[in-house]
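Notes to accompany the following structure.
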Amino acid sequence: MDNRTVAAIFSEMADILAIQGENYHRIMAYRRAAENIAALGRPLEEVWRAGELETIPGIGKTLAAKIDELMRTGRLQAYEKLKAQVPEGVVAMLQIPDVGPRKAALFWKELGITSIDELEKAARAGKLRDLPGMGVRSEQKVLEGIQALRRRTGRIPLGVAWELVQAVLLPLREVPGVVQAAPAGSLRRMRETVGDLDLLVAAEDPEPVMARFRELPQVAEVLLSGPTKTSIRTHDGFQVDLRVLEPARWGTAIQYFTGSKAHNIRLRGLALDRGLSLSEYAIKREDGTEILCATEEEVYAALGLPWIPPELREDRGEIEAALERRLPDLIELADLQGDLQFHTTWSDGHASLLEMAEAARARGLKYGLVTDHSRGLGVARGVGPEELRRQRAEIEEVNRKLGGTFRVLAGVEVEVRADGSLDLPDEVLAELDLVVAAVHSGLRQGREQVTARAIAAIRNPHVDILAHPTGRLIGRREGADIDIEAVLQAAAEAGKAIEINAHPLRLDLNDVHVRRAVELGVTLVVNSDAHRPEDFDLLRFGVATARRGWATGADVLNTRSVEEVLAWVRQRNR
DNA sequence: GCCGTTTTCGGCCCGACTGTTTTCAGTCG
């Protein structure tokens, strides 16, 4: 039983307990356990076998026993008992905005409603308005919530959220009196998907900012608007929350709204230990006097901590690391010296080798590995032995033209066939500077088969890097059911590198797997996988994912110089 | 249900906004 399944069960148990009106903290215990299991980075089953379940934060005797039952029997009696008590459709109602556990329970108990469809009918028939605590407006909000839920395509991919936020912040920055404007929330933490978009503006007078925000062309609907907060929904169905506050309180505010919730709860606990109360407005002493923080550094310092990078703020050990002054020195975009995967018109890229090299150079990179697809992948065109030989001539010509300001290395993205063999003969691969291997087809194979293919590729002496190991496309396609732990172990043994593909729909490895790779000492590579010149800008998302996985510059191969990268290849191939 | 250099019991973050209410409950983040 894998981590995601166990996490989902605990999360659903929390929902059911909430509908039943259970003790809030007991519910939170289940949620926290679910989150920590999902973020574990190594197989829960392995932790269970080692008898170390209770070393996981938020797992005590009771939950450890429940995990044990799940691992041994594949079932959990307590879960089945809970599920039998509350209809599935009632639990599903929690997905509707503005419907929480209390209201879901109310609709169910008072009117016998057990599905979202029934709820919609009841709302249309005006049956909800007479319930205690409800009214005509609330009934309308339920209907609107159901519509919003049906429109919602799920969480927003990081790349889309990034673009939208840049577009919205620009006009807000032009409003007179605006001192600062920045994204907060999971976008600032650079999570791979973003739920609602959180924006923060510092200005003495909030109203002109709110007014400008409400009138943006992207706005389809104003959900709520007060003196400190306005929420809108865009035409694309995305919710954007804007908070405006005075500049003197910027530090506490941006800290608070960056989250995560779990990180903030821990921080507030630390504040209480020191006789302080932390809120988005200030740090309050017990006598009621306020400490205003204009910067985040001041907030953390007041709690005895160094500043913690936003990408780490998930309560995955960063607070302990900060207390012990052992936060990692995270990799930064500027640390990258090269990019070890980009494409050209030799396969499915949209620009010439020279154009791509110049684009990479314009972004401060010093080298790049051209990795057009081998033939086996059914993309338009693709390179075989003959094309690679001819491309080599073009590489030399481009390198001459660039006159030492940038170096193109010869590579390929070689297809791992369904049977685990590679799409190009070894002697052809041997002539290249570096070889990137990738699985694109047969992603739906069984776990053992697809894992074996990836490991076979890693063990091929000519392969240096395994690209986007799961092949997922966020929000579009599940990745292969691949045993990442086994792949990482194989890479560690063979001394091969694993890619963090920076494309915002891939981010593959993901943050949790990066963390595990770092623990295992696996060499990582952050690659743009650029298919057009502007795609080199995507590297920021790959670096962010590396940072979320606690990776330092030393963990990532392409922070090294081109000579060091080539030496890394040679010392292994001897 | 978890957790512990103020604790093995009694805590567990804090506030905005809305809609329903005459002081608060529910939801959200």
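When reading the values below, keep in mind they use all heavy atoms of this one structure, side chains included, and skip hydrogens, waters and symmetry mates. Here is how names work: the chains are called A, B, and so on, in the same order as the sequence lines, proteins then strands, and each is numbered from 1.
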Original post:
Is any NZ, NE, NH1 or NH2 atom of the basic residue among A:Glu139 and A:Lys127 found under 4.0 Å from an Asp or Glu carboxylate oxygen of the other?
Top reply: no
Original post:
So does A:Glu80 pair up with A:Arg75, basic N to acidic O under 4.0 Å?
Top reply: yes
**OP:** Go through B:dC17, B:dC13, B:dG15 for me and flag the one nearest to the A:Tyr281 side chain.
**Re:** B:dG15
Original post:
What distance, rounded to whole Å, do you find between the two C1' atoms, one in B:dG29 and one in B:dC13?
Top reply: 12 Å
**OP:** Could you measure between the two P atoms, the one in B:dG15 and the one in B:dT22, and give it in whole Å?
**Re:** 25 Å
Original post:
Nearest nucleotide by nearest heavy atom, which residue falls closer to the 5' end of DNA chain B, A:Gly60 or A:Pro227?
Top reply: A:Gly60
Subject >> Flag side-chain contact, heavy atom, 4.5 Å: A:Asp511 against A:Glu314 >> reply: no
Original post:
Below 4.0 angstrom, N of the basic side chain to O of the carboxylate: do A:Arg548 and A:Glu318 qualify?
Top reply: no
Subject >> Interface residues of residues 106-130 of chain A with DNA chain B (non-hydrogen, below 4.0 angstrom) >> reply: none
Original post:
How about A:Ser186 and A:Arg191: does a side-chain donor come under 3.5 Å of a side-chain acceptor?
Top reply: no
Original post:
What is the distance from CZ of A:Arg268 to C1' of B:dG15, rounded to the nearest Å?
Top reply: 8 Å
**OP:** Mind checking ring-ring contact (aromatic ring centres under 6.0 Å, His included) for A:Trp48 and listing every partner two or more places apart, or none if nothing turns up?
**Re:** none
Subject >> B:dC9 versus B:dA16 - spacing of their P atoms, nearest Å >> reply: 37 Å
**OP:** Considering just the side-chain nitrogens and oxygens of A:Thr228, establish if one lies under 4.0 Å of OP1 or OP2 belonging to B:dC17.
**Re:** yes
Original post:
Under the criterion salt bridge (Lys or Arg N to Asp or Glu O under 4.0 Å), which of A:Glu52, A:Glu45, A:Glu46 is the partner of A:Arg49?
Top reply: A:Glu45
Original post:
A:Asp117 and A:Ser115: side chain to side chain donor-acceptor pair (under 3.5 Å), yes or no, with the steps?
Top reply: CA-CA 5 Å; A:Asp117 284 345; A:Ser115 73; 5.4 Å; no
Original post:
Between A:Asn264 (CG) and B:dG15 (C1'), how many Å, whole number?
Top reply: 12 Å
**OP:** Rounded off to whole Å, could you give me the CD1-to-P distance for the A:Ile27 and B:dC13 pair?
**Re:** 14 Å
**OP:** Could you work out the separation of B:dC2 and B:dT8 based on their C1' atoms and round it to a whole Å?
**Re:** 12 Å
Subject >> With A:Val179 via side-chain contact (heavy atoms from CB on, under 4.5 Å) - residues at least two apart >> reply: A:Ala202, A:Pro247
**OP:** Would you mind reading off the distance between A:Met28 atom CE and B:dC14 atom C1', rounded to a whole angstrom?
**Re:** 12 Å
Subject >> Syn or anti for B:dT7 (syn when the glycosidic angle lies within 90° of 0) >> reply: syn
**OP:** Could you note down all residue pairs passing ring-ring contact (aromatic ring centres under 6.0 Å, His included) where residues 204-229 of chain A supplies at least one of them, sequence neighbours left out?
**Re:** none
**OP:** Mind jotting down which residue pairs meet the salt bridge (charged side-chain N to carboxylate O under 4.0 Å, His left out) criterion with at least one end in residues 201-212 of chain A? Sequence neighbours excluded, please.
**Re:** A:Glu207-A:Arg214
Subject >> Nucleotide B:dC13, atom P - distance to CD1 of A:Ile319 in whole Å >> reply: 12 Å
Original post:
In whole angstroms, how far is the P atom of B:dC2 from the CG atom of A:Leu17?
Top reply: 13 Å
Original post:
If you find the nucleotide of DNA chain B closest to A:Ser277 and the one closest to A:Arg32, which residue's nucleotide is nearer the 5' end?
Top reply: A:Arg32
**OP:** Would you mind listing every salt bridge (charged side-chain N to carboxylate O under 4.0 Å, His left out) that reaches into residues 54-68 of chain A, with sequence neighbours excluded?
**Re:** A:Asp68-A:Arg72
Subject >> Separation of atom NZ in A:Lys61 from atom P in B:dG4, rounded to whole Å >> reply: 13 Å
Original post:
In whole Å, what separates the P atom of B:dG1 from that of B:dT6?
Top reply: 28 Å
N/O contacts under 3.5 Å, protein versus nucleotides 9-12 of chain B?
none

Original post:
Expressed as a whole number of Å, how far does the C1' atom of B:dT7 sit from that of B:dC12?
Top reply: 13 Å
Original post:
Considering every strand shown, what is the Watson-Crick or G-U wobble mate of B:dT8 when both distances are under 3.5 Å?
Top reply: none
Original post:
Where along nucleotides 21-29 of chain B does protein come under 4.0 Å, by heavy atom, of base (B) or sugar-phosphate alone (S), with - for untouched nucleotides?
Top reply: -----SSSB
Subject >> Carboxylate-amine/guanidinium contact A:Glu485 A:Arg42, below 4.0 Å >> reply: no
Below 3.5 Å, can you tabulate the donor-acceptor pairs from side chains in residues 270-283 of chain A to any protein atom, sequence neighbours excluded?
from, atom 1, to, atom 2, distance (Å)
A:Arg274, NE, A:Leu303, O, 3.4
A:Ser279, OG, A:Tyr281, N, 3.0

**OP:** Identify, residue by residue, the members of residues 291-300 of chain A with a heavy atom below 4.0 Å from DNA chain B, and return them in order of residue number, or none.
**Re:** none
Original post:
Distance between the P atoms of B:dT27 and B:dT20, in whole angstroms?
Top reply: 14 Å
Which donor-acceptor pairs under 3.5 Å do the side chains of residues 31-40 of chain A make with protein atoms, sequence neighbours left out?
from, atom 1, to, atom 2, distance (Å)
A:Arg31, NH1, A:Asp15, OD1, 3.0
A:Arg31, NH2, A:Asp15, OD1, 3.1
A:Arg32, NH1, A:Asp315, OD2, 3.1
A:Asn36, ND2, A:Arg32, O, 3.4
A:Asn36, ND2, A:Pro57, O, 2.8

Original post:
Excluding sequence neighbours, so at least two apart, what forms ring-ring contact (aromatic ring centres under 6.0 Å, His included) with A:His513?
Top reply: none
**OP:** May I ask you to say what A:Leu278 touches in the nucleic acid, namely base, sugar-phosphate or nothing, with a heavy-atom cut-off under 4.0 Å?
**Re:** sugar-phosphate
Original post:
OP1 or OP2 of B:dC17 sitting under 4.0 Å from any side-chain N/O of A:Ser225?
Top reply: no
Original post:
What's the CD1-P distance between A:Ile59 and B:dG1, to the nearest Å?
Top reply: 12 Å
